[in-house]
Amino acid sequence: MGYWLMKSEPDEFGIEDLIRSDKQTTTWSGVRNFQARNFMRDDMKLGDLAFFYHSSCPAPGVVGTMKVVKAAYPDPTQFDPASDYFDPKSKPDNPTWVAVDLQFVKQFPLVSLEALRKEPKLAEMRLLQKGNRLSVLPVNAAEWKRIMSMVEG
DNA sequence: GCCAACGTTGGC
DNA sequence: GCCAACGTTGGC
C-alpha cells in the first residue's frame, strides 16, 4: 500500500470542507504540475492513504488522513472553460491531467511543519527538502508511522 | 509583501 | 537543445 501527502490551501479547500462533503469524499482536481500528475496517474492506487496538508496559511502542517477511493481518471476541470483549471490544450481523447477521489479518514490536531522539521527521523522527507513545491508527494512507510506516532503523542 | 526555488515557455 | 524571461509555490 502506498502513502502520500496532498497539499491544499485551507482558504480554498481545507479538511473541514472535506468532512462536510457528500460522503466525506472529494474529487482531487486541479493538479497542474507534471511530476505531481505522474505520481497520481502512475503510482497512486485504490486504498492508498494520504495525509491532508494545509499549505500557504498561518499554520502549515498535517491535519488528517484520507484514503484513495478512486484511482486516477481524467480531471473534469481541464475541459471546463468556466473553471480556473481549464486547459485549452488538453483534448478529451488524450487528457493531460488526472484527478483522484479521496475520502476522509481521520482528523487530528495540527502536526506543524515546524514540528516535522524538528523530528530527526523525518529529515529525509520530500516535503522537507529545500525547494520542494509539489502538491502531491510520496511518503514512505517509516515516515507515515513516525508522523502517526507524533499524532498519538 | 518578500523572495528562494523551481517549472514552463518561447525565441533562437 | 539552450537559456533567459516569466509565472507559481509556499514559507516567513
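Here the structure is a predicted model, which means the values were calculated and not measured. A note on names: the letters A, B, ... follow the listed sequences, proteins ahead of strands, and every chain is numbered from 1.
Closest to the side chain of P60(A), from the set dT9(B), dG11(C), dG7(B), is dG11(C). When distances are taken from the side chain of L113(A) to each of dT8(B), dG11(C), dA5(B), the shortest belongs to dG11(C). Here dT9(B) is the nucleotide among dT9(B), dA5(B), dT8(B) with the atom lying nearest to any side-chain atom of K89(A). Checking dG7(B), dC12(C), dG10(C) against the side-chain heavy atoms of R117(A) singles out dC12(C) as nearest.
The CZ-P distance, from F34(A) to dT8(C), rounds to 15 Å in whole Å. As a whole-Å value, the separation of N33(A) CG from dG10(C) P is 9 Å. Computed from coordinates, the L134(A) CG to dT8(B) C1' distance equals 14 Å when rounded to whole Å. Atom CG of N38(A) is separated from atom P of dG7(B) by 12 Å (rounded to the nearest Å). The separation between R126(A) atom CZ and dC6(B) atom P is 12 Å, rounded to whole Å. For E114(A) and dG11(C), the CD to P distance is 13 Å, given to the nearest whole Å. What separates CZ of R133(A) from C1' of dT8(C) is a distance of 6 Å, to the nearest Å. Counting to the nearest Å, the P atom of dG7(C) and the CG atom of D84(A) are 17 Å from each other.
Formation of a donor-acceptor pair under 3.5 Å by the Q24(A) side chain with backbone atoms of I19(A) is found in this model.
Between Y73(A) and W97(A), the distance separating the two ring centers is not shorter than 6.0 angstrom.
Between K7(A) and dG10(C), a side-chain N or O to OP1/OP2 separation shorter than 4.0 Å is present. Proximity of Y53(A) to the phosphate of dT9(C): no side-chain N or O atom is located under 4.0 Å from OP1 or OP2. Under 4.0 angstrom from either OP1 or OP2 of dC3(B) there lies no side-chain N or O belonging to K130(A).
Among the candidates F52(A), F39(A), W4(A), the single residue satisfying the ring pair (Phe, Tyr, Trp, His ring centres under 6.0 Å) test with W28(A) is F52(A).
Both F51(A) and L49(A) are part of a single hydrophobic cluster, where members link through side-chain heavy atoms under 4.5 Å apart.
E9(A) comes within 4.0 angstrom of no nucleic acid atom, judged by non-hydrogen atoms across all strands.
Proximity of Y3(A) to E143(A): side-chain heavy atoms (C-beta onward) are nowhere separated by under 4.5 Å.
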